[in-house]
Participant: 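Before we start, here is the structure in question, set down as structure tokens.
A, B, ... follow the sequence lines: proteins, then strands. Residue 1 opens every chain.
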2 protein chains.
Amino acid sequence: MVTIKDVAQEAGVSVATVSRVLNNNGYVGADTRKKVMKSIAELNYSPNEVARSLYKRESRIIGLLLPDITNPFFPQLARGVEDELSRSGFRLLLGNSDENVEKELDYIQTFVQNNVMGIITATNHVDYDIYEALNLPLVLLDRTSEEYPAVYADGRKGGRLAAQTLIDKGAERITLVKGPAHVKPAQERFQGAIGALSEADVDFSVLSTTSYSFEEAQGWAEELFDKYVDTDGVIASNDIVGIAIIHEALKRGKKIPDELQIIGYDDIPQSRLSYPTLSTIRQPAYEMGREAAQLLLKTIKKESGVERTVQLPVELVERKTTRKE
Amino acid sequence: MVTIKDVAQEAGVSVATVSRVLNNNGYVGADTRKKVMKSIAELNYSPNEVARSLYKRESRIIGLLLPDITNPFFPQLARGVEDELSRSGFRLLLGNSDENVEKELDYIQTFVQNNVMGIITATNHVDYDIYEALNLPLVLLDRTSEEYPAVYADGRKGGRLAAQTLIDKGAERITLVKGPAHVKPAQERFQGAIGALSEADVDFSVLSTTSYSFEEAQGWAEELFDKYVDTDGVIASNDIVGIAIIHEALKRGKKIPDELQIIGYDDIPQSRLSYPTLSTIRQPAYEMGREAAQLLLKTIKKESGVERTVQLPVELVERKTTRKE
DNA sequence: CCGCCTTGTGTAACCGGTTACACATAACTT
DNA sequence: AAGTTATGTGTAACCGGTTACACAAGGCGG
């Protein structure tokens with residue numbers, strides 16, 4: 001490993017001078033600078049971030065904690081975060097929590113141990129002590145909070161919009177699929193939908209589910225049609241479940257959207273590739289990731305007047321699983 | 001921030017003793033140990049990994065470089081790597097290269113600067129100097145190599161299997177979709193398919209594509225049916241493109257699998273949710289990630305007799321876009 | 001010509017851990 | 001009882017950077 005000492009020796013100067021050249025601060029004579037640069041290039045030296053981080057008590061790393069990168073909604077968040085962060089030279093320490101408190105605390109701890117400059121987290125447990133004790137810039141992503149800066153899309157409004165859409169398009173026996181109870185955004189969109197349904201003149205039933213996974217989505221879909229045989233409108237808990245429902249409906253010979261309308265949530269990329277293409281409530285995931293990164297960067301730089309929360313708009317994307325009026 | 005000094009002071013011992021307690025090495029008296037433990041708990045101390053890493057010249061971080069986490073094949077690899085690695089207390093520094101050399105080199109450099117203990121990379125550029133100069137355990141993932149340990153599934157065989165399947169099931173005018181030229185695994189499966197097609201008695205044509213993205217997949221599908229109107233069997237470059245082709249085919253009123261058979265590649269989770277469900281060549285992505293992590297860990301621990309390469313089997317998954325004999 | 005400011009560079013302390021080494025005491029050996 | 005070994009603990013060097021401080025030399029105003 002080539003260190004700053006090697007460079008100093010090669011250039012015939014002290015390590016302090018090399019450091020000054022590297023960081024472009026303090027006084028350095030023009031020809032000294034040139035010599036040092038030459039030595040750096042010759043030795044192919046690049047400074048050790050760990051040593052730097054130790055002294056400065058900062059780093060160029062931020063921690064990103066997501067529930068499960070395998071759920072297609074999250075890679076987009078992650079890319080948004082990464083693309084924005086890497087423009088400022090930051091790197092990502094990534095963790096999947098599986099919505100599990102222990103894993104989460106574990107990751108947060110190692111983030112801290114590694115001197116991360118900030119944390120972006122999609123947690124359902126902001127209330128835990130660890131976040132409070134955390135003396136670090138923190139941004140919640142895809143989650144709301146009064147205490148911390150947060151970037152999210154309006155789940156209540158989204159749920160409402162999903163329900164209202166089906167109502168407007170003439171669904172009369174709506175089934176509302178409720179996402180996992182411990183996942184906060186799932187509950188918000190559920191509440192929104194319940195609100196709109198309650199105010200309207202429609203029958204509806206609720207199917208409770210406990211996961212978002214591909215493996216189980218098919219099971220929920222089967223359960224749905226077994227229990228609510230004559231439903232003519234389904235509000236899915238997310239697009240994965242929505243696509244599973246399309247699939248099961250076609251298998252059972254239901255005509256979409258004439259006999260059955262379906263609306264998803266998230267607008268993951270593959271929703272445009274389902275058949276029929278899935279109407280859904282779009283959350284701008286990539287944008288959310290970018291916004292969270294920007295917010296975190298501003299907090300790190302201690303810029304004044306930084307927004308506490310950024311709420312991004314949800315939007316109805318009409319495709320082929322809902323009727324044209 | 002509470003440091004080892006604080007703990008030492010609180011417990012009335014030296015930092016060396018605290019360190020010995022932490023690392024469970026050297027001699028420590030039973031009651032001293034107890035005192036130290038108590039102080040650690042009281043102060044809620046957890047050691048700074050950065051300082052540790054600096055002295056030991058090692059860390060509990062490994063670098064993972066993937067082309068694009070937004071492509072549904074890769075999150076599975078990433079989860080496999082993470083799940084396996086976290087069992088040994090390692091964390092993941094993640095980068096997306098977009099198959100772009102500069103980004104790749106940039107990430108590799110920061111990995112090194114952060115004292116990562118090893119790197120897992122899905123690169124098309126192993127031949128670059130930087131990997132050679134890298135004095136670090138390296139494992140290639142989803143890529144083959146003579147020089148470095150590698151974990152991959154047999155692309156040639158997979159391509160061959162895809163083609164042979166369509167031939168066996170009676171397709172007579174096959175279209176082979178060729179993935180991006182700079183992506184190595186894409187070329188291997190392409191070569192495999194070409195091989196099988198050349199040996200058989202079928203007409204076939206090749207459609208060249210330059211990306212795997214959701215956005216463009218639909219375009220490739222349209223182009224395919226515009227150019228090769230009467231094709232009755234498509235070998236897609238991956239499942240995303242495969243699903244886009246199903247979609248376009250249904251839109252054009254083709255009967256699947258009677259008039260048109262389609263076979264994908266990868267077996268991403270959503271392939272089970274397409275309609276009709278996509279027949280495909282399965283790569284065990286999660287397993288591949290795990291294997292790569294295991295291989296890397298073994299290399300780090302300098303275990304002897306570590307395999308150079310792990311080739312995982314590809315497998316035909318027959319679903320509804322291919323005929324039953 | 002003298003005092004002061006600007007410029008340029010080196011020395012050494014520091015960040016928070018780990019560990020080689022020194023030293024002291026207790027426990028065995030023979 | 002003296003020598004040897006095992007046990008327990010502290011001091012200080014070290015990892016590779018950054019920076020406070022000291023010091024020297026040159027430029028400039030009065």
Participant: Counting side-chain heavy atoms from CB outward, which of C/dG8, D/dG10, D/dG17 is closest to A/Ile4?
Facilitator: D/dG17

Participant: Check this for me: does the side-chain of B/Arg33 come within 3.5 Å of the base of D/dG8 through a donor and an acceptor?
Facilitator: no

Participant: Check B/Glu82 with B/Arg91, please: is the shortest side-chain N to carboxylate O separation under 4.0 Å?
Facilitator: no

Participant: C/dG17 P sits how many Å from A/Asn114 CG, rounded?
Facilitator: 13 Å

Participant: Which pair of non-hydrogen atoms, one from B/Pro67 and one from A/Arg79, has the smallest distance, and what is that distance?
Facilitator: O-NH1, 4.3 Å

Participant: Please report the distance, rounded to the nearest Å, between CG in A/Leu43 and C1' in D/dG16.
Facilitator: 15 Å

Participant: Nearest of D/dG17, C/dT11, C/dC15 to any side-chain atom of A/Ala16?
Facilitator: C/dT11

Participant: Figure out the NZ/C1' separation between A/Lys5 and D/dT18, and round it to whole Å.
Facilitator: 13 Å

Participant: Compute whether any side-chain donor of one residue and acceptor of the other, for B/Glu104 and B/Thr123, lie under 3.5 angstrom apart.
Facilitator: yes

Participant: Can a donor-acceptor pair be found between the side chains of B/Asn115 and B/Arg57 at a distance below 3.5 Å?
Facilitator: no

Participant: From the options D/dG17, C/dT6, C/dT11, select the nucleotide whose nearest atom is closest to the side chain of A/Ser14.
Facilitator: C/dT11

Participant: Of the options D/dG16, D/dA6, C/dG16, whose atoms approach the side-chain atoms of B/Tyr27 most closely?
Facilitator: D/dA6

Participant: Would you call A/Glu10 and A/Lys35 a salt bridge, taking side-chain N to carboxylate O under 4.0 Å as the test?
Facilitator: no

Participant: Is any side-chain nitrogen or oxygen of A/Arg57 closer than 4.0 Å to OP1 or OP2 of C/dG16?
Facilitator: yes

Participant: I want to check a possible cation-pi pair here: B/Arg20 against B/Tyr27, using under 6.0 Å from ring centre and within 45° of the ring axis as the test.
Facilitator: no

Participant: Figure out the CD/P separation between A/Gln9 and D/dG16, and round it to whole Å.
Facilitator: 14 Å

Participant: Would you mind telling me which of D/dG10, C/dT18, D/dA6 lies closest to the side-chain atoms of B/Tyr55?
Facilitator: C/dT18

Participant: Closest to the B/Arg52 side chain: D/dC15, C/dG17, D/dT18?
Facilitator: C/dG17

Participant: Would you mind telling me which residue lines up with the more 5' stretch of DNA chain C, B/Arg20 or B/Pro47, judged by nearest nucleotide?
Facilitator: B/Pro47

Participant: Where each residue is assigned the nucleotide of DNA chain D containing its nearest heavy atom, which of B/Lys56 and B/Ala30 is assigned the position nearer the 5′ end?
Facilitator: B/Ala30

Participant: Between D/dT18, C/dG16, D/dT19, which one does the side chain of B/Thr3 approach most closely?
Facilitator: C/dG16

Participant: Does B/Thr32 reach a base, just sugar-phosphate, or nothing at all? Heavy atoms under 4.0 Å.
Facilitator: sugar-phosphate

Participant: Rounded to the nearest Å, what distance is computed from the CG atom of residue B/Leu54 to the P atom of nucleotide C/dC15?
Facilitator: 14 Å

Participant: Using atom CE of B/Met1 as one end and atom C1' of C/dG17 as the other, report the distance to the nearest whole Å.
Facilitator: 11 Å

Participant: Of all the choices, C/dT19, D/dG16, C/dG17, which nucleotide is nearest to the side chain of B/Asn48 once you look at every atom?
Facilitator: C/dG17

Participant: Using a cut-off of 4.0 Å on non-hydrogen atoms, how would the nucleic acid contact of A/Thr17 be classed: base, sugar-phosphate, or nothing?
Facilitator: sugar-phosphate

Participant: Would you kindly give the CG-to-C1' distance between B/Asp31 and D/dT7, to the nearest whole Å?
Facilitator: 13 Å

Participant: Select one nucleotide: of D/dT9, D/dG10, C/dG17, the one nearest the side-chain heavy atoms of B/Val13.
Facilitator: D/dG10

Participant: When the distance from CG of B/Asn25 to P of C/dG17 is rounded to whole Å, what number comes out?
Facilitator: 15 Å

